[in-house]
Amino acid sequence: MSRYNARETEAKWQSVWSEQKTFEVGETSDKPKYYVLEMFPYPSGRIHMGHVRNYTMGDVVARYKKAQGFNVLHPMGWDAFGMPAENAAMEKKIHPAEWTYSNIDTMREQLKLMGLSIDWSREIATCHPDYYHHEQKLFLDFLEAGLVYKKESWVNWDPVDQTVLANEQVIDGRGWRSGAVVEKRKLSQWFFRITAFNEDLLDALNDLDRWPERVRLMQQNWIGRSEGARVTFDITGGDDGLEVYTTRPDTLFGASFMALSADHPLTIKLAADNAELSDFVDECRRTGTSEEAIEKAEKLGFDTGLKVKHPFADLIGPDGPRELPVYVANFVLMEYGTGAIFGCPAHDQRDLDFARKYGLPVTTVVAPPGEGADHTIGDEAYTGPGSMVNSLFLDGLAVDDAKSAMIERLRADGRGEGTVNFRLRDWGVSRQRYWGCPVPIIHCPSCGEVPVPQDQLPVTLPDDVTFDKPGNPLQHHPTWRHVTCPACDTEAERETDTMDTFVDSSWYFARFCSPHADVPTERNAVDYWLPVDQYIGGVEHAILHLLYSRFFTRAMHRTGHAALDEPFAGLFTQGMVCHETYKDSKGRWVFPDDVRKNDDGSAVHVETGEAVSVGRSESMSKSKKNVVDPTDIIDRFGADTARWFMLSDSPPERDMEWTEAGVSGAWRFMQRLWRLILSVSDQMAAQDASEPTEFNEPAIALRREAHKTIASVTEDIERFRFNRAVARIYELTNYFSEIKTFDQGGMDWAAREAADALIKLVNPMMPHLAEEMWHALGHDTLLADQPWPAARDELIVENTVTIVVQVNGKLRAKLSVGRDMDQQALTDLAMSEATVLAAIGGKAVRKTVVVPNRIVNVVV
RNA sequence: GCCCGCUUGGCGGAAUCGGUAGACGCAACGGACUUAAAAUCCGUUAGAGGAAACUCUGUCCGGGUUCGAGUCCCGGAGCGGGCACCA
């Protein structure tokens, strides 16, 4: 019997699908639409196993939904702007565009080897002017709608590379590339007003019922809504008021100091003629922003000498906090709240540490249950519930009641109000880089910031750039930025900042609906396809990309480019692909390909024969060399083997381990299934034979197995339990393999039915093999166009059931009886079993619990 | 520090309405076929006792609810993830 030749067969069906445009779709179908999308790849060079896992899952869903009768959109594109292309330009002297497009060509070919059901006619690359043209249009529309603005802000500045760095690119206070100590600089930056939607972005999370709970929680925390109050303190001997934000207005009578951010306007004003304070402010700014730096940084304050009056000073006795000293403190952030706080040491740990350090009073205002006004605070602030003390009109109230009472009183006195505060900040998108979408703005000395007129879009990147000096090549370009002002026709300059690459990926799912349109989105197409019904990708994008996309969709809605707010109706976050790690005796990482495992589990280097130590399994990464090249696997075993293994064993949301043994297991199954279909094919009924009226027992049993499998695989795919679906398919295959003859009592017909069903169930996972088997059984249709099989419930019901007999909850016997047996008869039968009687041991039966068709539990 | 998740054989994992723990796969072991190997096929495989029928113990640990708990509740440990000078 001939072995299944994956390489030839896969190439054959891939070209058939391509020639017949099997997966190309339009908007005019009668079928309901279904949009399946996997996060598009960055063209880094070659595809990796993470891509294979991601796109296999998406393809299972896409092929399954197509079989279920949906008009399925399943597109692919390239997230093609970004730093690595510029790094390659600097290191390898190759133009970013050339590097990127050549990577795209390589990766497209690799992806095509996987046999994905993708509509390649919709392919896009974000670095192509056809794409970023429309991104610039969106930017200008958002600008007009007030959703884009420019402001000065503090950024991480790398003085060597002369660029702004994202927080993630600052490691231990140093630039990740240059190693230079990062400075904080105030720069003019473009921002997207994501905070315009903060309440809605938070509330709408509740309706995303097909998103993982975890991701919704992460976004919720990121948006960070808190309820509190703004309170104004008057500066003693001045006209100005200082406003603070607090979530604990109830503790206002426990206040003992006020602290300002180093970047607070008042701080800056004071520092102007106070050298000591000015030095302190500089010191604060030098403090690293890394987690570690913050952890280690001492809480420092600088006493400005200023005092503020407590809002209720008139009510407070001479011993109370009528006046508070004003400090500048290194732990107060200008970006959160108002950049100023009042400190209540008794009920906030950080305030307590600060108060102890600077000898400030600590007054208890919340007494823990059972304690009174004389309760004293030691080294630990009390943050629990209790009743108010030392707080005049709040005394005796519980914390929550005191909060509302205080807010009400502040409002009545005009001293403050209850407010909601968000942690979420506007999205700074300016990057001083070449390989990104140019911001379509012209700076005119007389007109200010002028949008590039529609008919001058796109603002394209110049090709002739150099990367031989630090900074933004667009700045160094001799002519590119010199233009005339569209408004007044005098000399002006282009904006040389480009946009954060997260902007590119914030709307690509919409562009896929009408990828060749001369506007950002064709409304009939986006209205038809969006939202994405199933989005699949790594959990590492749980916050940024997914939040930005949710913002963008709202902004596109507001500017008329779409008619919905939520881009992704369903989201699935997949786990990573892991592999064992290997190191040689010198501690250098070794590729799995260079390792040979011995039977005892030890490992040696293939070439040198030197012993290699086996480390724990970690997510595949180039730096640890624990990577396996997907095309290598596809070349040796076929794409179907790789796909099948990806789906086997591990639940898709969890990390999986890639093993050679697992791959060969998948390959063996592929061969086994092929042999099974060939061996039974000549015993099957003809394709068009009508269903017999009678079936013998083996035929009924085979049909039951087949229909049970159809039902559970369908359910498993619907619920993203691919590992279970795989197990069910193994079971049916095993069952099928044990039957030796198919020639009587309707068995030939049942065999045809079961084989067709099995092939259709396997199709989303191993489409090439399935297509080949389909044709081997004499079908002349394309399996990719065939409907999903329907499970017939009446064939699944079993007439015989197994009843478990327990005594005091312990298994003692199993009975095989007819379905729906009378409870008393069942109990009698159970009580006649020797093992049951032995377990009862002559004791009196207290009661018997009977669960129909399942269990009898005798309690003694 | 706050929030969230996970913990089941040698391994990945099934069992999620509270009702047979270990489906399915991998690995291992034994056997058949073969001059031999590969491939394939058959069998065993949670632990302990027993010739066997069977019995006992078992789902991270300690309690609890229940006729019955991997599953529900309380407390704890370990691992992983998110957020964090957030006022």
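Sequence lines set the chain letters: A, B, ... in the order given, protein chains first and strands last, and positions in each chain run from 1. The shown structure was predicted, so the numbers you read here are calculated from the model rather than taken from an experiment.
- A donor-acceptor contact under 3.5 angstrom links the side-chain atoms of A:Lys299 to the base of B:C85.
- To the nearest angstrom, P of B:C24 lies 15 Å from CG of A:Asp716.
- The partner of B:G22 is absent, by the rule that a Watson-Crick or G-U pair needs both atom distances under 3.5 Å.
- When heavy atoms are screened at a 4.0 angstrom cut-off, A:Tyr730 is found touching the sugar-phosphate backbone but no base atom.
- Residue A:Asn734 is in sugar-phosphate contact alone, with no base atom involved, counting any heavy-atom pair closer than 4.0 Å across all strands shown.
- Using a 4.0 Å heavy-atom distance criterion, A:Arg728 is classed as a base contact.
- When the side-chain nitrogen and oxygen atoms of A:Arg668 are compared with OP1 and OP2 of B:C26, one or more of them lie within a distance under 4.0 Å.
- Which of B:G13, B:C54, B:C86 sits closest to the side chain of A:Arg654 comes down to B:G13.
- No hydrogens or angles were tested; on distance alone, nothing pairs the side chain of A:Glu213 with the base of B:G5 as donor and acceptor under 3.5 Å.
- Counting any heavy atom pair closer than 4.0 Å across all strands shown, A:Arg225 reaches no nucleic acid atom.
- Under the Watson-Crick and G-U wobble criteria, each requiring two contacts below 3.5 Å, nucleotide B:U7 is paired to B:A77.
- In this structure, the side chains of A:Leu546 and A:Val215 come closer than 4.5 Å at one or more pairs of heavy atoms.
- Among the protein residues, A:Glu731 comes within range of the sugar-phosphate backbone only, with heavy atoms under 4.0 Å from sugar or phosphate atoms but none that close to a base.
- Atoms CZ (A:Phe722) and C1' (B:G12) sit 17 Å apart, rounded to a whole Å.
- The nucleotide whose nearest atom lies closest to any side-chain atom of A:Leu811 is, among B:A21, B:C67, B:G12, B:A21.
- Nearest nucleotide to the side chain of A:Arg423, out of B:U20, B:C26, B:A84: B:A84.
- Partners of A:Glu657 according to the salt bridge (charged side-chain N to carboxylate O under 4.0 Å, His left out) rule, which considers only residues two or more places apart in sequence or in another chain, do not exist here.
- In this structure, the nucleotide among B:G19, B:U20, B:C85 sitting nearest to the side chain of A:Lys814 is B:U20.
- For A:Pro651, taking side-chain heavy atoms from C-beta onward, the closest of the listed nucleotides B:U20, B:C83, B:A14 is B:A14.
- Residue contacts shown for A:Val859 are limited to sugar-phosphate atoms, with no base heavy atom under 4.0 Å away.
- Residue A:Ile855 is in base contact, counting any heavy-atom pair closer than 4.0 Å across all strands shown.
- Annotated as anti: B:G25, whose O4'-C1'-N torsion sits more than 90° from 0.
- Among the nucleotides B:A87, B:C85, B:C83, the one closest to any side-chain atom of A:Thr246 is B:A87.
- Looking at A:Phe253 and A:Met406, their side chains come closer than 4.5 Å, going by heavy atoms from C-beta outward.
- Nucleic acid contact class of A:Ser648 (heavy atoms, under 4.0 Å, all strands): none.
- Checking B:A87, B:G82, B:C24 against every side-chain atom of A:Ala727, the shortest atom distance belongs to B:C24.
- Pairing partner, B:C72: B:G64, with both Watson-Crick or wobble hydrogen-bond distances short of 3.5 Å.
- In this structure, CH2 of A:Trp644 is placed 10 Å from C1' of B:C24, rounded to the nearest angstrom.
- Here B:A46 sits opposite B:U57 as a Watson-Crick or G-U wobble pair (both hydrogen-bonding atom distances under 3.5 Å).
- Between the CD1 atom of A:Ile543 and the C1' atom of B:C4 there is a distance of 12 Å, given to the nearest Å.
- Within 4.0 Å (heavy atoms only), A:Val858 reaches no atom of the nucleic acid at all.
- We find that A:Glu227 and A:Arg248 are not joined by a salt bridge, their nearest charged nitrogen and carboxylate oxygen being 4.0 Å or further apart.
- Atom CD in A:Glu417 sits 10.0 Å away from atom CD1 in A:Ile407 (nearest 0.5 Å).
- The distance from atom OH of A:Tyr336 to atom P of B:A84 is 12 Å, rounded to the nearest whole Å.
- At least one side-chain heavy atom of A:Met656 sits under 4.5 Å from a side-chain heavy atom of A:Met646.
- One side chain, A:Gln219 or A:Arg550, offers a donor N or O that lies under 3.5 Å from an acceptor on the other.
- Contacts of A:Asn857 with the nucleic acid, taken as non-hydrogen atoms under 4.0 Å apart, include base atoms.
- Among the nucleotides B:C67, B:U20, B:A14, the one closest to the side chain of A:Val804 is B:U20.
- A 3.5 Å limit on both hydrogen-bonding distances identifies B:G82 as the Watson-Crick or G-U partner of B:C2.
- The listed nucleotides are B:G19, B:G25, B:A87; the one nearest the side chain of A:Leu333 is B:A87.
- Side chain of A:Arg812, nearest nucleotide from B:C56, B:G19, B:C86: B:C56.
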